[in-house]
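Note that this is a predicted model, so its numbers are computed, not measured. Whatever order the structure lists ligands and atoms in, that order sets their numbers, starting from 1.
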Amino acid sequence: MNICVVGTGYVGLVSGVCFSELGNHVTCVDVDEQKIAKLTEGKSPIYEPGIEDLIQKNLHKNRLLFTTDLKQAMESAQIVIIAVGTPRKQNGEADLTYIEKVAESIGQHLKSYKVIITKSTVPVGTGKIVKEIIRRHAGEVEFDVASNPEFLREGSAIYDTLNMERAVIGVESEKAAELLIGLHKPLTSNIVLTNIETAEMIKYASNAFLATKISFINEIANVCELLGADVTKVAEGMGYDKRIGHAFLQAGIGYGGSCFPKDTSALVAIAEKAGYDFRIVKDVEQVNKEQRSKVIDKLKVALKNELYGKRIAVLGLAFKPNTDDMRDAPSVDVIPILQNEGAEVVAYDPVANENAQKVIPNLEIADTMQEAIINSDAIMILTDWKEFKEIDLTEVSKLVKQKIIIDGRNIFSNEHMEQMGFYYASIGRKTVSFN
Ligand code: UDX
């Protein structure tokens with residue numbers, strides 16, 4: 001199949017690369033000339049395990065192309081995928097400016113039948129808007145619109161796409177359904193065929209549900225702390241029930257990233273517009289917001305309320321491991337609070353250091369984990385990178401000024417920390433104090 005993907009952000013790039021890997025001819029379009037030049041050289045603008053190898057392989061096989069020329073990219077395409085950003089507006093709604101602009105350009109360049117898919121996460125009803133805009137500019141040319149939301153996770157985006165658990169296809173015609181089922185058949189046998197509005201809702205409902213699971217276990221964690229229970233064991237015990245499952249029950253500092261915060265507030269806004277007060281999701285957001293301050297409270301307890309002049313080593317800046325993405329990362333909220341209280345923060349992340357410096361003012365970055373830890377009064381873990389889980393605690397003991405670890409991700413066991421003689425405060429578990 002010939003496919004044109006508009007937008008080379010996370011979703012667009014990963015989808016385009018994976019569809020080319022399946023043998024399709026894919027042209028990815030973006031207005032950003034520098035990005036396109038980089039991609040044409042085989043370099044990925046995002047940090048995502050495995051993506052560069054696939055870009056280079058498929059460029060070499062001549063079935064993946066990058067261009068700024070939408071008209072040319074659309075010419076031979078049967079399918080056009082819209083994958084541009086839908087940032088959050090101040091009122092929580094998704095901003096559709098980019099989607100609308102792209103729909104207009106697609107309409108202007110449409111010369112033969114194509115299925116135009118919206119892959120960006122868009123409010124229910126956007127498919128109809130996209131259709132109207134294209135119709136206004138395309139004259140009599142026949143086309144179909146469709147919704148095909150993306151469920152990939154950053155850090156395992158290639159795997160998630162090539163091994164997708166389901167494909168959600170929202171269409172209005174048999175012709176579009178056939179084409180899109182054909183495209184997704186090599187990827188999954190779970191194809192959910194429905195109308196456009198339902199497909200759009202499936203994406204929001206899925207992300208809001210996962211966010212709810214996280215805020216739920218975080219609230220359980222907060223109660224565990226008051227009662228002396230251990231949230232990791234509670235989650236383990238709950239997860240064996242197949243109806244609950246183990247996934248997304250890891251208590252911690254709260255969710256971040258480009259999707260959950262944006263999609264939960266968009267869902268609340270969509271519901272409100274339709275006249276419904278979505279209480280659960282509103283509370284999920286509030287719990288998530290408050291969860292971020294837990295590590296600060298714990299640090300204050302450990303340092304007897306005195307952060308001024310204290311050297312704090314922050315390990316982990318990205319919103320989760322295996323990505324350099326800083327969008328809605330807990331570190332963006334936590335670090336400035338520590339700095340305002342007069343703490344000297346030295347941070348380290350295996351890949352997100354450069355991006356973090358763009359969003360956290362006056363951030364001191366260490367070149368290595370050891371350099372961040374030296375002479376620290378406390379270590380604070382904000383991202384559960386594998387590198388941190390494997391840290392040599394004997395070496396840490398020698399480097400730090402005080403053996404205090406505040407862990408927002410529960411990466412160590414209390415028993416081990418007790419053996420190693422650390423003060424260790426984590427989420428939803430007893431604090432290990434100095435003897
Ligand atoms: C998410 C969805 O998983 C994906 O399907 C959707 O397409 C986009 O949004 P992503 O944002 O890449 O993907 O990350 P994910 O791995 O889902 O984690 C989101 C956040 O939740 C992270 O901040 C993570 O640290 C946090 N999280 C996740 C928890 O705090 N506890 C958990 O148990 C799981």
What are the atoms of ligand 1, with element, lying closer than 4.0 Å to any heavy atom of [X]?
| X | answer |
| --- | --- |
| E154 | 12 (O) |
| L249 | 33 (O) |
| C259 | 8 (C), 9 (O) |
| Y255 | 20 (C), 21 (O), 23 (O), 26 (C) |
| E150 | 7 (O) |
| F248 | 17 (O), 28 (C), 32 (C), 33 (O), 34 (C) |
| K203 | 6 (C), 7 (O) |

Any chance [atom1] of [X] has more than 12 other-residue heavy atoms, nucleotides or ligands included, within less than 6.0 Å?
| X | atom1 | answer |
| --- | --- | --- |
| N362 | CG | no |
| E390 | CD | yes |
| K131 | NZ | no |
| Y98 | OH | no |
| I181 | CD1 | yes |

Item to check | Within reach of ligand 1, part of L152 (heavy-atom separation under 4.0 Å) | outcome: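 For L152, the contact with ligand 1 is made by the backbone alone.
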Item to check | For ligand 1, the portion of R409 having any non-hydrogen atom under 4.0 Å away | outcome: side chain
Check this for me: does any side-chain nitrogen of one of [X] and [Y] sit under 4.0 Å from a carboxylate oxygen of the other?
| X | Y | answer |
| --- | --- | --- |
| K233 | E236 | yes |
| K294 | E225 | no |
| E21 | K57 | yes |
| D333 | K289 | no |

Output yes when the distance from some N or O of ligand 1 to some N or O of [X] is under 3.5 Å, and no in every other case.
| X | value |
| --- | --- |
| K320 | yes |
| R153 | no |
| L210 | no |
| I214 | no |
| A247 | no |

Next on the checklist: Rounded to the nearest 0.5 Å, what separates atom CG in L363 from atom CD in Q339?
Outcome noted: 6.5 Å
Considering only protein heavy atoms, which is closest to [atom], and at what distance to one decimal place?
| atom | value |
| --- | --- |
| atom 1 (C) of ligand 1 | F260 CE2, 3.6 Å |
| atom 5 (O) of ligand 1 | F151 O, 2.8 Å |
| atom 31 (N) of ligand 1 | Q250 O, 3.0 Å |

Checklist entry - Relative to atom 23 (O) of ligand 1, which among G155, G252, G256 owns the nearest non-hydrogen atom? => result G256
Item to check | K403 to F422, cation-pi by 6.0 Å centre distance and 45° axis angle | outcome: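 That pair qualifies as a cation-pi contact.
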